[in-house]
Amino acid sequence: NSKLTIFYHGYVELDKNWGKNDINNGGHVNFNRLYFIEEGEGFEVFDNKLLKLTKNNIYLFPLNNKYKYYCDNYLKKYFFHFNFRIYELFDIFEILPIKTITVPINSKNIFFILKNINNNNLADMLIIKNYISSQIFEFINTEAEGINEKIHLLEKYKYIVTYIMSNLGNDLSVEKVSAYSSLTPSYFSNSFKKDTGKNIKEFIDEKLIEKAKSELIFSKKKIKEISKELKFSNEFYFSKFFKKHTYSSPSDFRGKNIY
């Protein structure tokens with residue numbers, strides 16, 4: 001019922017130029033960020049509160065929140081951009097009412113492991129996924145109240161969401177989804193809204209935007225290719241749809257979110 005997906009990870013050495021372009025310009029980014037600070041220090045500002053990023057600590061920044069970052073001198077960090085989905089309906093950190101989490105690094109050899117990750121080595125990636133999962137469960141155990149009830153409520157939609165994700169495109173309608181569920185569009189829409197708090201059409205559009213954002217950020221595909229893959233009739237209509245939901249054109253969004 002849960003799935004950890006690592007979109008992007010790496011190691012960077014930052015200086016005072018870090019943070020000059022807000023990572024979330026053009027709309028909130030749809031993935032969580034995990035920072036392992038090796039050396040130096042940086043700063044994060046959220047809701048007019050300042051958090052210092054210091055060595056030997058792990059920082060979690062949940063998705064869909066707008067942060068500002070900067071560095072006065074230097075900062076060395078390993079980072080992971082990831083989602084931890086529950087039945088593909090929600091990221092776990094959409095359910096938990098948290099903004100930022102800090103925990104000390106409790107493994108002496110974690111930096112050695114991070115430094116020697118081989119993306120083509122299955123064992124290495126499993127070690128990292130297991131470590132990140134353990135950290136996530138630690139966060140959940142300290143913050144979650146009533147989350148099990150929420151997950152149980154969402155369970156009945158797991159096959160519907162699988163169908164949506166497998167057929168995701170601009171041509172996917174509420175009628176097609178409700179037909180798959182063997183319910184009328186009206187009944188299905190009302191039930192989905194009541195249980196998840198989300199309008200089914202808005203949910204489909206949300207997943208479509210998430211897919212588009214991921215392609216724009218993490219692939220080198222042309223915008224025309226992305227629009228075709230997402231089953232838009234042409235690039236113009238894709239750009240119009242994207243701007244309606246993010247207040248940014250696909251090209252502007254890509255330009256502001258290159259890592």
Side-chain angles (χ1 to χ4, degrees), residues 4-84 91-117 128 131-144 210 213-214 216-218 246-248 252-259:
L4 172 65
T5 302
I6 298 174
F7 297 110
Y8 190 48
H9 68 86
Y11 172 79
V12 289
E13 297 184 3
L14 304 162
D15 57 23
K16 60 184 179 180
N17 291 316
W18 182 46
K20 286 188 175 180
N21 291 317
D22 183 1
I23 193 172
N24 281 326
N25 279 345
H28 294 139
V29 169
N30 59 311
F31 52 80
N32 307 290
R33 284 159 286 177
L34 200 62
Y35 292 170
F36 295 76
I37 308 302
E38 184 179 39
E39 289 185 27
E41 65 179 31
F43 298 90
E44 171 260 321
V45 181
F46 175 77
D47 197 23
N48 294 321
K49 295 178 182 178
L50 182 67
L51 174 67
K52 183 185 286 189
L53 311 179
T54 56
K55 65 183 293 187
N56 295 327
N57 281 314
I58 303 172
Y59 298 89
L60 170 73
F61 301 102
L63 75 173
N64 295 334
N65 289 296
K66 198 167 186 176
Y67 304 93
K68 291 185 179 180
Y69 305 88
Y70 67 93
C71 177
D72 287 336
N73 191 3
Y74 78 99
L75 178 70
K76 298 180 180 181
K77 66 168 185 173
Y78 294 89
F79 65 91
F80 292 85
H81 298 160
F82 70 95
N83 283 150
F84 196 74
D91 187 281
I92 192 71
F93 295 107
E94 288 182 284
I95 301 173
L96 296 176
I98 56 176
K99 302 301 180 185
T100 305
I101 298 178
T102 307
V103 295
I105 292 174
N106 54 22
S107 174
K108 293 182 179 180
N109 64 343
I110 187 58
F111 285 120
F112 176 82
I113 294 172
L114 292 172
K115 184 177 180 180
N116 290 280
I117 290 176
I128 289 301
Y131 184 83
I132 292 177
S133 294
S134 69
Q135 290 298 143
I136 291 171
F137 289 130
E138 183 177 332
F139 298 149
I140 291 172
N141 287 335
T142 59
E143 300 288 341
E210 286 181 5
K213 284 183 175 181
S214 294
L216 288 167
I217 295 173
F218 301 119
T246 67
Y247 306 103
S248 174
D252 285 345
F253 178 83
R254 171 174 268 174
K256 293 171 182 175
N257 291 280
I258 294 176
Y259 302 99

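Side chains are part of it too, since the values below use all heavy atoms of this structure and drop only hydrogens, waters and symmetry mates.
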Applying side-chain hydrogen bond (donor to acceptor under 3.5 Å, both in side chains), name anything that partners Glu38, two or more places apart in sequence or on another chain.
Tyr11
The reported gap from CD1 in Ile6 to CG in Asn32 (rounded to nearest 0.5 angstrom) is 11.5 Å
Not counting sequence neighbours, which residues clear salt bridge (charged side-chain N to carboxylate O under 4.0 Å, His left out) with Lys52? List them please.
Glu41
Who are the salt bridge (charged side-chain N to carboxylate O under 4.0 Å, His left out) partners of Glu39, not counting sequence neighbours?
Lys76
Interatomic spacing from CD1 in Ile132 to CZ in Phe36 - rounded to 0.5 Å:
5.5 Å
Not counting sequence neighbours, which residues clear side-chain hydrogen bond (donor to acceptor under 3.5 Å, both in side chains) with Asn83? List them please.
Asp91
Distance check, rounded to the nearest 0.5 Å: Leu14 atom CG versus Cys71 atom SG?
6.5 Å
Val12 and Trp18, any side-chain heavy atoms less than 4.5 Å apart:
no
Suppose we screen for side chain to side chain contact (heavy atoms under 4.5 Å, CB included). Which residues come up paired with Asp15, at least two apart in sequence or across chains?
Asn17
Working to the nearest 0.5 angstrom, can you tell me the gap between Lys77 NZ and Ile37 CD1?
6.5 Å
Contacts of type side-chain hydrogen bond (donor to acceptor under 3.5 Å, both in side chains), residue Tyr70, not counting sequence neighbours:
none
Once salt bridge (charged side-chain N to carboxylate O under 4.0 Å, His left out) is applied, do any residues pair with Glu210, and if so which ones, sequence neighbours excluded?
Arg85, Lys207
Any side-chain heavy-atom pair from Thr246 and Lys213 closer than 4.5 angstrom?
yes
Applying ring pair (Phe, Tyr, Trp, His ring centres under 6.0 Å), name anything that partners Phe82, two or more places apart in sequence or on another chain.
none
Heavy-atom check, side chain of Tyr69 versus side chain of Arg33, under 4.5 Å:
yes
Side-chain contact, heavy-atom cut-off 4.5 Å: Asp72 with Phe43?
yes
State which residues pass side-chain hydrogen bond (donor to acceptor under 3.5 Å, both in side chains) with Thr54; sequence neighbours excluded, sorted by chain then number.
Asn57, Tyr59
Once you round to the nearest 0.5 Å, how far does CZ of Phe218 lie from CZ of Arg254?
11.5 Å
Got a second to check how far Leu60's CG is from Leu34's CG, nearest 0.5 Å?
6.0 Å
